[in-house]
Amino acid sequence: MAFPVQRPRRLRSTPALRRLVAETDLRPRHLVLPMFVKEGAAEPVPISSMPGVVQHSRDSLRKAAAEAVAAGVGGLMLFGVPEKHDATGSGAVDPDGILNVALRDVRAEVGDATVLMSDLCLDEFTDHGHCGVLDADGAVDNDATLEIYAAMGVAQAEAGAHVVAPSGMMDGQVGVIRAALDAAGHPDTGILAYTAKYSSAFYGPFREAVQSQLKGDRKTYQQDGANLREALRELALDLEEGADMVMVKPALPYLDVLRTVAETADVPVAAYQVSGEYAMLEAAAANGWIERDRAIHETLTSLRRAGADFLLTYWATEVAPRLD
Ligand code: PBG
């Protein structure tokens, strides 16, 4: 009988050996916490399809931001849930709009101890729920939307965002926002571009989280899940327009896109583990069908292994203290 000479199992035989040879690490600094803040809320409001996640009041947002920072997270990403919506999403540009107010609150609370990021998109603010304004035929008007994004970026920088994150998938959004930030005296405010953002069923719970008004879909601006090459075209354009960092979203169903973008980009790459990925795992765990904490850790590790420098995850504050 010929016994094997090559024994890869040797390096798996103790926890210390496995730790020594691990190729991928997951640290608190790799995690960015997305947070929702609801205008007029006196108390945090639970989101039923995202157990454990809430729409914050202004007070609870500050507190949760401080907790996340204490846990060592790499950053925070804020989303606003306004009381009123209109055709142009004017609450997004208004310095007194909920997102801008919340950015000021959180920046006052945590200063430069973490990276404060802001979602830059109109869907939370429009009465039709699209990521841009509509033309006379009801189609999303790319260039009219860009003008509003530019003003929104400046408002967010002035409210204290270190980084703005355009997520609307309008053509030219990064370049227009960069120019507006520079012209308004904010050359150091960064842009994290949602570069490869796919039209996805996995955003379902997020729509509850922001009380989205959307009927229909976003297929004329978000990418088709059938396409990888197209993501590289989006990447080239975002880099040319001045993106400081780029993102792939959703995460787990698009690991091949993440790997390809990470191999191509010469800037940091993020992956967004979205609401549906969160809900799916929480639901299975609640039924006792999956080991929750191990499964969370495994998904996050897989995103790092696929090439993400940092991860947006609703589990950031929970997971960070467990990482050694
Ligand atoms: C758009 C935006 C969405 C998400 C982040 N930014 C929703 C969408 O594109 O429909 C989804 C995030 C998630 O599902 O966790 N502002």
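Indexing begins at 1, ligand by ligand and atom by atom, following the structure's order.
Of all the atoms in ligand 1, the ones that sit under 4.0 Å from a non-hydrogen atom of F79 are 5 (C), 6 (N). The distance from ligand 1 to the heavy atoms of D119 drops below 4.0 Å at these ligand atoms: 6 (N), 16 (N). Counting the atoms of ligand 1 from 1 in the order shown, those under 4.0 Å from a heavy atom of Y203 are 8 (C), 9 (O), 10 (O), 11 (C), 14 (O). If you number the atoms of ligand 1 from 1 as listed, the ones under 4.0 Å from a heavy atom of Y272 come out as 12 (C), 15 (O). Within the listing of ligand 1, atoms 16 (N) sit less than 4.0 angstrom from a heavy atom of E124. Of all atoms in ligand 1, listed by their number and element, those nearer than 4.0 Å to a heavy atom of Y314 are 12 (C), 13 (C), 15 (O).
With hydrogens left out, the protein atom closest to atom 5 (C) of ligand 1 is K249 NZ, 2.5 Å, a heavy atom. Looking only at protein heavy atoms, the nearest one to atom 8 (C) of ligand 1 is R218 NE, 3.5 Å. S275 OG, 2.7 Å is the protein heavy atom nearest to atom 14 (O) of ligand 1. Protein heavy atom at the shortest distance from atom 12 (C) of ligand 1 is F206 CD1, 3.3 Å. In terms of protein heavy-atom proximity, atom 10 (O) of ligand 1 is nearest to R207 NH2, 2.6 Å.
By the 4.0 Å N-to-carboxylate-O rule, R104 lies too far from E158 to be salt-bridged with it.
Contacts between D123 and ligand 1, counted as non-hydrogen atom pairs separated by less than 4.0 Å, involve the side chain only. Residue Y278 does not touch ligand 1, judged by heavy-atom distances below 4.0 Å.
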Checking side-chain contact (heavy atoms from CB on, under 4.5 Å) for the pair V73/V32: CA distance, chi angles, key distance, verdict?
-> CA-CA 6 Å; V73 302; V32 171; over 6 Å; no
Should V246 and V261 be marked as a side-chain contact (heavy atoms from CB on, under 4.5 Å) after you check the CA-CA gap, both sets of side-chain angles, and the distance that decides it?
-> CA-CA 9 Å; V246 296; V261 167; 4.1 Å; yes
Does the pair R304 and D25 meet the rule for a side-chain contact (heavy atoms from CB on, under 4.5 Å), with working shown?
-> CA-CA 7 Å; R304 290 272 300 140; D25 67 340; 2.9 Å; yes
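Hydrophobic clustering (ILVMFWY, side-chain heavy atoms < 4.5 Å, transitive): L103 and L122 are in one cluster. Cluster annotation: L31 and L76 are assigned to distinct hydrophobic clusters (Ile/Leu/Val/Met/Phe/Trp/Tyr, side-chain heavy-atom contacts under 4.5 Å, transitive). Tracing side-chain contacts under 4.5 Å through hydrophobic residues (I, L, V, M, F, W, Y), one never reaches L323 starting from V69; they form parts of separate clusters.
For ligand 1, one of its N or O atoms has an N or O atom of K197 under 3.5 Å away.
Around atom CZ of R233, no more than 12 heavy atoms belonging to other residues, nucleotides or ligands sit under 6.0 Å away.
Within the structure, the ring-ring contact (aromatic ring centres under 6.0 Å, His included) test picks out the following pairs touching residues 231-277 (sequence neighbours left out): Y198-Y254.
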